[in-house]
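The next block holds one structure in the form of structure tokens; read it before the comments.
Each ligand, and each atom within it, is numbered from 1 in the order the structure gives. Predicted model only: the values in this text are computed from it and were never measured.
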Amino acid sequence: MTEFSFDGRPVPFRPGQTVGAALVADGRLSWRSTRRHSAPRGIFCGIGVCFDCLVTVDGRPNERACLVPAADGLRVSTQEGTGHDD
Ligand code: FES
């Protein structure tokens, strides 16, 4: 089975999909919030330019979900703030 986890829940994906595409296909349209206004963010540009889609992947914050290839066993999580302990 091809799936990664998002906030501890399994997300299936098809070969070639990015993490962001798989999240949208799974019905999730936002997965982080802005620091100032807590506005929801997900895929906007889809090509790695806007940085709206930031997630933490296997403990690495600030990964762009629209660019990270989905892979079996990845641990993806919602990013809080900058993603660092500050
Ligand atoms: S959606 Fe714009 S960088 Fe990912």
(request) Kindly work out whether a path of hydrophobic side-chain contacts (I/L/V/M/F/W/Y, heavy atoms less than 4.5 Å apart) joins Leu54 to Val68. (result) no
(message) Under a 3.5 Å distance rule, please check whether Arg75 uses its side chain to pair with a backbone N or O of Ser5 as donor and acceptor.
(response) no
(message) Keeping to distances under 2.8 Å, can you name the protein N/O/S atoms close to atom 2 (Fe) of ligand 1?
(response) Cys45 SG, Cys50 SG
(message) Nearest 0.5 Å, please: how far is CG in Asp58 from CZ in Phe4?
(response) 11.0 Å
(message) Tell me whether Arg60 at atom CZ has more than 12 heavy atoms from other residues, nucleotides or ligands lying less than 6.0 Å away.
(response) yes
(message) Test of understanding: with side-chain contact (heavy atoms from CB on, under 4.5 Å), list the residues that count as partners of Ile47, not counting sequence neighbours.
(response) Cys45, Val49
(message) Looking at every heavy atom in both Phe6 and Ser77, which two are closest together, and how far apart are they?
(response) CE1-C, 4.0 Å
